Amino acid sequence: MKRKILILIITIVAMAATQNAYCQTDLYNQYKHLTDVRVICIMDFPITGQVKVDITMLEPKTKEAVYYLAEEFNLGIEKDIIDKILGDKNNTKLRRYNVYKDNVKKRYGPIKSPDDYKNISRLIYNYSTGTLMIFHDIDTEERFTAISNLLMDVLTNPEKFPSINNVNKQ
């Protein structure tokens, strides 16, 4: 499972390296100055043939950076839990949050109507690596479901995740 998550992260990093300069979300711009966190942005990442989404990824380089991100994004994860799980190659646990698209540090809560999707982004925390991924502008239940399915597919079938070659051919 750790290998599958690593493949997901590597693919996103590779895609980010090939993106044009316009590839900047507000969140990316807010955190790009950090020296102990690698901040990556991918615009129009293909989730399905019909669904594309902007992604910002924050990859901590140090344990202190993981502590900082956990606190900064109000993850509610104590340092002793981070110390216990960080670097555990057998741990594939992800924490998922609905967050306000205008403030990804604030939990949105349960989705109660179709209009709620227009107000959220999806924040994913990887316990093993401390990496945060934010899928921006969910907008519809279809997009929300596509992102959820992608995360499940990547965990069970990493070959289904679009490769850099697949994306470049579109």
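Position 1 is the first residue of the sequence; numbering continues from there. Here the structure is a predicted model, which is why all the values come from computation and not from measurement. Heavy-atom basis, side chains included; hydrogens, waters and symmetry copies ignored.
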Is any side-chain heavy atom of [Y] closer than 4.5 Å to one of [X]?
X: Y127; Y: L86; value: no
X: V66; Y: I77; value: no
X: M133; Y: L58; value: no
X: V37; Y: K61; value: no
X: T131; Y: P60; value: yes
X: Y125; Y: L94; value: no
X: V53; Y: D137; value: no
X: E142; Y: T145; value: no

[atom1]/[X] to [atom2]/[Y] distance, rounded to the nearest 0.5 angstrom?
X: I55; Y: C41; atom1: CD1; atom2: SG; answer: 9.0 Å
X: I124; Y: R96; atom1: CD1; atom2: CZ; answer: 6.0 Å
X: R95; Y: N126; atom1: CZ; atom2: CG; answer: 12.5 Å
X: R38; Y: K32; atom1: CZ; atom2: NZ; answer: 15.5 Å
X: T129; Y: D88; atom1: OG1; atom2: CG; answer: 11.5 Å
X: Y67; Y: T62; atom1: OH; atom2: OG1; answer: 9.5 Å

Hydrogens and angles aside, do [X] and [Y] bring a side-chain donor and acceptor to less than 3.5 Å of each other?
X: Y31; Y: E72; value: yes
X: R122; Y: N98; value: yes
X: Y108; Y: D116; value: yes

- Message: Cation-pi check for Y97 against R107: NZ or CZ below 6.0 Å from the six-membered ring centre and within 45 degrees of the axis, yes or no?
- Response: yes
- Any donor and acceptor pair, going by atom type alone, linking the side chain of R143 with main-chain N or O of I47 inside 3.5 Å? no
- Donor-acceptor contact below 3.5 Å, side chain D44 vs main chain K52: no
If you count heavy atoms of other groups shown closer than 6.0 angstrom to [atom1] of [X], is the number above 12?
X: K106; atom1: NZ; answer: no
X: E141; atom1: CD; answer: no
X: D36; atom1: CG; answer: yes

- Message: Applying the side chain to side chain contact (heavy atoms under 4.5 Å, CB included) criterion to V104, which one of L27, N74, L132 satisfies it?
- Response: L27
- Could you give me the CA-CA distance, side-chain angles and deciding distance for Y28 and V39, then say whether side-chain contact (heavy atoms from CB on, under 4.5 Å) is met? CA-CA 6 Å; Y28 170 86; V39 183; 3.4 Å; yes
- Task: Could you walk me through whether F135 and T56 pass the side-chain contact (heavy atoms from CB on, under 4.5 Å) test, one step at a time?
- Result: CA-CA 7 Å; F135 292 83; T56 304; over 6 Å; no
- Message: Using side-chain contact (heavy atoms from CB on, under 4.5 Å), reason through K101 and I120 one step at a time and then give a plain yes or no.
- Response: CA-CA 5 Å; K101 74 177 186 178; I120 66 169; 5.8 Å; no
- What closest approach, in Å, do A146 and T48 show between heavy atoms, and which atom pair accounts for it? CB-CG2, 4.0 Å
- Could D83 and K63 be called an ion pair, given the rule that one side-chain N must be under 4.0 Å from one carboxylate O? yes
